[in-house]
Amino acid sequence: MAQSDMSTPLLDPQDPMESVPLSVGDPMVCILGSGDFSRSLSSRLRCCGCRVVVGSRDPQRLPPGLFPEGVELKTQRGALEALAEAEGSLVFLALYPEHYPSLLTLRPLLSGRILVDVSNASSLKQEGLSNAQRLAQMFPCSSVVKGFNGLSAWTLLTGAYDHSRQVLVCGDCPSSKLSVLALAQRLGFGAVDVGGLSASRALEEAPLLLFPSWRGPLLTTMLLFSFFYLYIALKNVLMPFLDRAENNLHHLPLITVNQALPAVALVMLSLVYMPGLLASVLQLYRGTKYKRFPDWLDQWMCARKQLGLLSFLCAALHAVYSVCLSIRRASGYMILNAAYQQVKAGVVDSWVETQVWRSDLYLSSGILGLGVLCVLALTSLPSVGQALNWREFTFVQSGLGYTSLVLSVAHVLFFGWDFAFLPRAYQYYLPPVFLLSLVLPCCVLIGRFLLLLPCCSVPLNRIRRGWESKQNKPERERQENGAVFGDV
Ligand code: NAP
């Protein structure tokens, strides 16, 4: 069966986490199954002072030293009897769900126990009941709790005791859930109750999801990159070749990529701030903040962090590529050729003051823009973001974010300098790519400026503090009155 379980730890009986000496008062936990998960969980349980009994179909078959010292190995029936004797209630099913029916003969011994289902889904969006719900149907006299399935056997064995890993737990019996939550905390994990057993499908599928929140932003980045790359290749490589047989194919691996990357970074950065502006305009237009945004805008707002991080990635790659430009063999040849041409033309001093200013301003604004973007990326890390209060976070994400957008736009403008006004910039009727990449950022900056004007910012602030325009009030009041009269 295909599984998402990340790793198979090699348990070294000489060097697992150190076991704590047993005492009769320690709680006993039973684990059915003797595979990877069972071994790691039993190690962790032993280190945290729990007594552990493992039930296997054939305990004789297990090689000595497979489980840490102090773990009792018995048959499945024997393990459950030992658990009953010790008045323990927790039974972890470290088996694949298709093997659950093999436990039906043990139903009387499992009755009244808490069955912890640690299994994961084998594929996404399966029809019917989840593994945990099917287990609950099979054992109606037991209480089924879903949990621990998000932890790999490796994490169980090695995870730090810093509550950074969470165990999500769900189940229909509150007291059973509390027992599992308490055990998770005892093992050093953060424990979160996510509701009834109906939430189990989401928990089972969670380990199978592949960057769900990154899909849209990644697709946007790839589409933008493909567009700019192909556009530049068409303008600077294909058209000159068809037009005058000029061979610029060597541009494709480095120069074209390095021209596309900043364009993507700039557009992505403006996409971070665009939905906020649209939301403000919508609130101003509706005269209330109590109406839901359309779904697409909601989703766009939720993707801002990912868009920003991908923008940072493109900008950082552009910086590395740009540094490497000068060490290319081609640039060595170009400098030599230019020097030769200069000598031939008898030019002694090639210093052009405006070009010096242009390149220094261009480089400086780019470096500063990247630096600020780096701060933004760092504050998006949960550990850093959590250390900031609301005002600090808004200052960094909004204030510094716009600063980085302004610096990036300045970087592109200094790069373009007067080039946008020269006819050769529009060869083959195609505008230069830096001009295209400026359209969206400039719209965002102009939009932001307009929203800062008192005629917009004053009503917007009032709306955000709960004020509503007249056309919204009667409707709400009617609804409220209707509810009151209806109740009466
Ligand atoms: P595993 O190493 O294959 O162990 C499964 C155990 O099930 C075997 O050791 C065996 O124990 C028992 N078993 C095998 N065939 C059986 C059968 N026909 N009937 C009854 N029992 C049978 O698997 P695992 O990695 O420990 O995973 C066990 C469960 O934990 C799965 O549901 C998995 O989704 C979940 N999980 C695993 C991980 C992980 O990282 N490994 C992480 C999260 C969740 P005996 O021979 O001793 O009976």
Side-chain angles (χ1 to χ4, degrees), residues 1-20 27 29-54 65-71 90-97 114-124 130-132 145-171 177 179-194 199-214 381-383 386:
M1 179 174 154
Q3 269 292 332
S4 67
D5 310 330
M6 291 146 269
S7 53
T8 302
L10 292 172
L11 189 72
D12 177 0
Q14 303 306 317
D15 185 31
M17 297 171 288
E18 214 176 301
S19 297
V20 172
V29 176
C30 172
I31 308 174
L32 297 182
S34 60
D36 298 327
F37 195 85
S38 168
R39 294 205 295 277
S40 301
L41 180 63
S42 57
S43 254
R44 187 85 174 206
L45 285 164
R46 280 292 302 111
C47 293
C48 298
C50 296
R51 286 189 292 158
V52 184
V53 58
V54 170
L66 189 65
F67 280 84
E69 209 181 304
V71 172
L90 282 172
V91 182
F92 279 81
L93 304 188
L95 312 169
Y96 285 103
I114 301 169
L115 307 187
V116 187
D117 173 32
V118 302
S119 68
N120 288 322
S122 53
S123 62
L124 288 173
S130 67
N131 299 337
V145 175
K146 178 97 216 166
F148 282 86
N149 61 307
L151 299 177
S152 69
W154 178 256
T155 309
L156 269 171
L157 203 61
T158 59
Y161 293 86
D162 58 1
H163 281 239
S164 59
R165 278 274 172 177
Q166 286 190 332
V167 171
L168 306 183
V169 170
C170 72
K177 251 190 315 191
S179 304
V180 180
L181 288 165
L183 184 76
Q185 279 170 346
R186 183 176 181 145
L187 298 190
F189 297 108
V192 184
D193 179 353
V194 293
S200 56
R201 175 169 299 288
L203 293 197
E204 284 169 12
E205 289 187 353
L208 299 187
L209 298 173
L210 186 69
F211 303 119
S213 56
W214 285 85
L381 293 174
S383 52
Q386 276 158 16

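Given the structure is predicted, the values throughout are model-derived calculations rather than measurements.
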Is any side-chain heavy atom of [Y] closer than 4.5 Å to one of [X]?
| X | Y | answer |
| --- | --- | --- |
| Cys170 | Leu203 | yes |
| Phe189 | Leu156 | yes |
| Ser122 | Tyr96 | no |
| Leu45 | Leu183 | yes |
| Val91 | Leu32 | yes |
| Val169 | Asp193 | no |
| Val194 | Lys146 | no |
| Leu93 | Ser119 | no |

With no hydrogens and no angle check, is any side-chain donor or acceptor of [X] less than 3.5 Å from a backbone partner on [Y]?
| X | Y | answer |
| --- | --- | --- |
| Ser42 | Arg39 | yes |
| Ser38 | Gly33 | yes |
| Arg186 | Cys48 | yes |
| Glu204 | Asn131 | yes |

Minimum heavy-atom distance between Gln185 and Ala191, given as atom pair plus value: CG-CB, 3.9 Å
On a heavy-atom basis, which atom in Ala121 and which in Leu208 lie closest, and how many Å separate them?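 Nearest pair, atom of Ala121 first, then Leu208: O-CD1, 3.3 Å.
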Looking at Asn149, Leu187, Val180, Leu151, which one forms a side chain to side chain contact (heavy atoms under 4.5 Å, CB included) with Val167? Leu151
Rounded to the nearest 0.5 Å, how far apart are CZ of Phe37 and CG of Leu157? 11.5 Å
One should read off an interatomic distance between Leu168 CG and Phe148 CZ, to the nearest 0.5 angstrom, of 11.0 Å
Give a yes-or-no answer on whether the side chains of Thr155 and Ser152 include a donor-acceptor pair shorter than 3.5 Å. yes
Determine whether Leu41 and Val118 satisfy the following criterion, side-chain contact (heavy atoms from CB on, under 4.5 Å), listing intermediate values before the conclusion. CA-CA 11 Å; Leu41 180 63; Val118 302; 5.7 Å; no
